[in-house]
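Read through the structure below, which is laid out as structure tokens, and then see the notes.
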Amino acid sequence: MLIYLIGFMGSGKSTIGKELANKLSYDFVDLDKIIEDNEELSVRDIFHKRGENEFRRLEYKYLRHESLIENAVISTGGGTACFFNNMHYMNQSGITIFLDVDIPTLAKRLLKDKEKRPLIARFKKEQLLEYLEIKLKERIFHYKKSYSFIDASRSVKKSVSQIIKEINSFPQRDD
Ligand code: S3P
């Protein structure tokens, strides 16, 4: 089964994803990392040298990459769910889990390591809060198409055990 973790930057997709994969003995895959390894460029450089549209095209392409067909927990990028028919594709090919985190918690986490994230790298705290308000309003429409929602403001352990419950109640397809 493919387990897609959906959510904004800083929602804990990688941290929770690694722990979850470990618990399930699944592979952990970070979509940003797949793009970086295959393109031999960091996400930051792809944005700067080739632009956001090209990054979104690559995201679309590698989400459907042949390496993602086994049992895996996939940490998507914060925007992956919001472009093209990616959300529909993920709902067709696996289980989608939205990691819901309130804005103050996101801001606190993101202020610590925003440099590697091109969309927010130059923001001060106030600008970041404003950006989060606007972007989340835009993106929540897509995120809410996920099969289940997890309150990921709490501990990693609690999030992981709630996700495992959701997976256990997920109706498996036979094809
Ligand atoms: C993005 C989130 C990033 C990365 C890129 C764009 C976004 O991933 O894909 O910088 O549009 O929110 P993380 O959510 O893993 O930081």
Side-chain angles (χ1 to χ4, degrees), residues 2-21 26-65 67-68 72-90 94 96-123 125 127-146 149-153 156 159-160 163:
L2 291 177
I3 302 163
Y4 297 100
L5 299 184
I6 312 287
F8 211 81
M9 292 178 261
S11 58
K13 298 178 300 263
S14 299
T15 317
I16 292 171
K18 281 179 196 153
E19 188 61 30
L20 178 66
Y26 273 28
D27 284 343
F28 172 75
V29 178
D30 183 323
L31 186 58
D32 279 345
K33 178 91 174 30
I34 296 252
I35 297 171
E36 291 182 331
D37 290 351
N38 281 279
E39 296 296 312
E40 297 179 0
L41 266 185
S42 66
V43 168
R44 203 167 143 252
D45 283 347
I46 296 173
F47 267 78
H48 288 153
K49 294 183 180 160
R50 303 197 201 160
E52 180 173 352
N53 287 348
E54 173 61 5
F55 176 75
R56 298 305 171 192
R57 197 190 65 77
L58 293 170
E59 213 173 24
Y60 175 94
K61 174 178 162 188
Y62 290 108
L63 182 64
R64 290 154 182 80
H65 200 249
S67 63
L68 306 187
V73 176
I74 301 163
S75 167
T76 63
T80 311
C82 314
F83 288 84
F84 311 109
N85 65 343
N86 289 344
M87 201 61 220
H88 178 72
Y89 172 77
M90 292 188 278
T96 50
I97 313 270
F98 171 47
L99 304 185
D100 198 7
V101 176
D102 60 85
I103 290 179
T105 308
L106 282 179
K108 205 167 138 195
R109 291 181 187 170
L110 289 171
L111 280 169
K112 279 189 210 145
D113 67 345
K114 59 191 172 70
E115 280 66 29
K116 60 174 193 244
R117 295 179 158 110
L119 292 171
I120 58 166
R122 280 174 295 160
F123 290 161
K125 189 174 176 196
Q127 292 168 304
L128 179 64
L129 283 168
E130 203 178 310
Y131 177 83
L132 290 175
E133 289 276 356
I134 295 169
K135 273 287 161 193
L136 266 171
K137 266 200 195 116
E138 241 175 72
R139 289 184 168 186
I140 199 79
F141 166 79
H142 302 280
Y143 293 157
K144 283 199 162 167
K145 291 181 187 158
S146 299
F149 297 32
I150 303 292
D151 174 5
S153 307
V156 173
S159 298
V160 169
I163 295 173

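Starting from 1, each residue takes its place in the sequence as its number. Quick caveat, the model's predicted, so the values are computed rather than measured. The figures here come from the full heavy-atom set of this structure, side chains too, leaving out hydrogens, waters and symmetry mates. Just so you know, ligand 1 is whichever comes first in the structure, and atom 1 is the first atom listed for that ligand.
- Among protein heavy atoms, atom 12 (O) of ligand 1 sits closest to Arg139 NH1, 2.8 Å.
- Both tests hold for Arg64 against Tyr60: distance to the six-membered ring centre under 6.0 Å, angle to the ring axis within 45°.
- Taking every heavy atom of Val43 and a limit of under 4.0 angstrom, the matching atoms of ligand 1 come to 5 (C), 10 (O).
- Of all the heavy atoms of Met9, the ones lying under 4.0 Å from any atom of ligand 1 are found in both the backbone and the side chain.
- Here the protein heavy atom with the shortest distance to atom 14 (O) of ligand 1 is Lys13 NZ, 2.7 Å.
- Put simply, the side chain of Asp100 does not reach to within 4.5 Å of the side chain of Asp151, judged on heavy atoms.
- Considering only non-hydrogen protein atoms, atom 11 (O) of ligand 1 sits nearest to Arg56 NH2, 2.7 Å.
- For the pair Cys82/Phe141, no side-chain contact is recorded, criterion being any heavy-atom separation below 4.5 Å from C-beta on.
- When each atom of ligand 1 is checked for a heavy atom of Gly79 under 4.0 Å away, the hits are 7 (C), 11 (O), 12 (O).
- The distance criterion of under 3.5 Å between nitrogen or oxygen atoms is not met by Phe55 with respect to ligand 1.
- Each of the atoms 10 (O) of ligand 1 lies under 4.0 Å from some heavy atom of Pro118.
- Residues Ile97 and Leu20 are not in side-chain contact: their nearest non-hydrogen atoms beyond the backbone lie 4.5 Å or more apart.
- Listed by number with element, the atoms of ligand 1 under 4.0 Å from a non-hydrogen atom of Leu119 are 6 (C), 7 (C), 11 (O).
- In summary, the side chains of Asp102 and Ser153 do present a donor paired with an acceptor at a separation below 3.5 Å, with no hydrogens or angles considered.
- Distance from atom 16 (O) of ligand 1 to its nearest protein heavy atom, with residue and atom name: Arg117 NE, 2.9 Å.
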Next item on the list: Assess whether salt bridge (Lys or Arg N to Asp or Glu O under 4.0 Å) is satisfied between Glu138 and Lys135, documenting all intermediate values.
Entry: CA-CA 5 Å; Glu138 241 175 72; Lys135 273 287 161 193; 3.3 Å; yes
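- Annotation: side chain of Ile140 is in contact with side chain of Phe98 (closest heavy-atom distance under 4.5 Å).
- Aromatic ring pairs are classed by plane angle as parallel below 30°, tilted from 30° to 60° and perpendicular above 60°; the pair Phe8 and Tyr143 is perpendicular.
- From the protein, the heavy atom lying nearest to atom 4 (C) of ligand 1 is Asp32 OD2, 3.2 Å.
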